[in-house]
2 protein chains.
Amino acid sequence: MAMPYDVFAANCPTRLVLDRLADKWALLVLERLRGETVRFNRLRRDVEGVSQKVLSQTLKRLERDGLVARTVIPTVPVTVEYALTPLGLNLADTVSAFAHWAERNIEAILAAQAAYDGRGGAGA
Amino acid sequence: MAMPYDVFAANCPTRLVLDRLADKWALLVLERLRGETVRFNRLRRDVEGVSQKVLSQTLKRLERDGLVARTVIPTVPVTVEYALTPLGLNLADTVSAFAHWAERNIEAILAAQAAYDGRGGAGA
DNA sequence: CCGAATCCTTTAAGATACTG
DNA sequence: CAGTATCTTAAAGGATTCGG
């Protein structure tokens, strides 16, 4: 069935993806992994503000979704590397467009917020 | 300063946008509003699963960010219409790419999940 | 019809400490 | 280095009720 899903229907499988991906940390991790393999603690440092717990959870979900590949290298203190899968890379490009939109339009949004707050919300 | 922001830095303004937009409901609302003005309760029905409270909050934030315009029409039972602003429409197009990615790749993700679960996680 | 206010439950985040 | 386990605290979300 090549019927397009109704994204607005609660039982739509696409919602599953959207639910999972509408996540600040997942997006940031995907973006960080673009074009580079990164170790766990490096990721932890680079993506400022993630706790190791949340990062761990995020990576596990991304791995489960087939977006990120986890490689254990049996060095003395063990090394674990994370990289995008082809599927993940594909998504990361989309995410990147999103991130760059935010970057380009932050000024406009900040201005809108100031205007909104200035007049006390929607007219209070 | 046209210096590109570091999206990974915690104090980066782009993170503000990302934090706010990495939201299931905001994304769904934006998508629903593409090309059409919609009333509150219509929106509530169409975006299955939103509570009225959450929808209300979401719309208020989107309005504050200058992405959605709210119009009150003084009919007998008052009518309130929501529409995308030019800025919001611009974003909605980006969001749409995101949603369509999910739609196109849901099969692959579901398969990856099944494989992952089948072998008991990352090798447990 | 639109939405604010309240309450109350559930989920998730943060900090900390400990293991392979 | 790379995680898991636990505990505490904060917040998101859902249901319900009432007012413009």
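Every chain is numbered from 1, with letters handed out A, B, ... down the list of sequences.
- Under 4.0 angstrom from either OP1 or OP2 of C:dG3 there lies at least one side-chain N or O belonging to B:Tyr82.
- One can place CG of B:Asp46 at 14 Å from P of C:dC1, the figure rounded to the nearest angstrom.
- The two atoms that bring B:Leu43 and B:Val38 nearest to each other are N-CG1, 3.7 Å, heavy atoms only.
- For the OP1/OP2 pair of D:dT4 and a distance below 4.0 Å, the side-chain nitrogens and oxygens of A:Ser56 include at least one atom meeting the criterion.
- Checking the phosphate oxygens (OP1, OP2) of C:dG3, a side-chain nitrogen or oxygen of B:Arg70 falls inside 4.0 Å.
- Atom P of nucleotide D:dA12 and atom NZ of A:Lys24 are separated by 10 Å, given to the nearest angstrom.
- Of the two residues near DNA chain D, A:Val78 and B:Arg44, the one whose nearest nucleotide lies more 5' is A:Val78.
- Taking atom CZ of residue A:Phe40 and atom C1' of nucleotide C:dG20, one finds them 15 Å apart after rounding to whole Å.
- For B:Gln52 and C:dA4, a side-chain-to-base donor-acceptor distance below 3.5 Å is present, hydrogens and geometry of angles not being considered.
- The shortest heavy-atom contact between A:Phe8 and B:Leu28 is CE2-O, 3.3 Å.
- Looking at heavy-atom distances under 4.0 Å, B:Val54 makes contact with sugar-phosphate atoms alone, never a base.
- DNA chain D is contacted by both A:Pro77 and A:Lys53; A:Pro77 maps to the nucleotide lying nearer its 5′ end (nearest heavy atom per residue).
- No contact: B:Gln57 has no heavy atom under 4.0 Å from any strand.
- A:Glu81 places its CD atom 16 Å from the C1' atom of D:dG3, with the value rounded to the nearest Å.
- The separation between A:Leu59 atom CG and D:dC1 atom C1' is 14 Å, rounded to whole Å.
- Looking at heavy-atom distances under 4.0 Å, B:Val80 makes contact with sugar-phosphate atoms alone, never a base.
- Between A:Tyr82 and A:Phe40, the two ring planes are tilted [angle within 30° to 60°].
- The two residues B:Arg32 and B:Glu36 make their nearest non-hydrogen contact at NH1-OE1, 3.0 Å.
- One atom, CD1 of A:Ile73, and another, C1' of D:dG3, lie 16 Å apart when rounded to the nearest Å.
- Closest to the side chain of B:Asn41, from the set C:dG14, C:dC1, D:dG3, is C:dC1.
- Residue B:Leu43 contributes atom CG, which lies 10 Å from atom P of C:dG3 at whole-angstrom precision.
- Across B:Arg20 and B:Ala26, no two heavy atoms sit closer than the pair O-CB, 4.5 Å.
- One can place CH2 of A:Trp25 at 13 Å from C1' of C:dA12, the figure rounded to the nearest angstrom.
- Proximity of A:Lys60 to the phosphate of D:dG3: no side-chain N or O atom is located under 4.0 Å from OP1 or OP2.
- The side chain of B:Arg39 places an N or O atom within less than 4.0 Å of a non-bridging phosphate oxygen (OP1 or OP2) of C:dC2.
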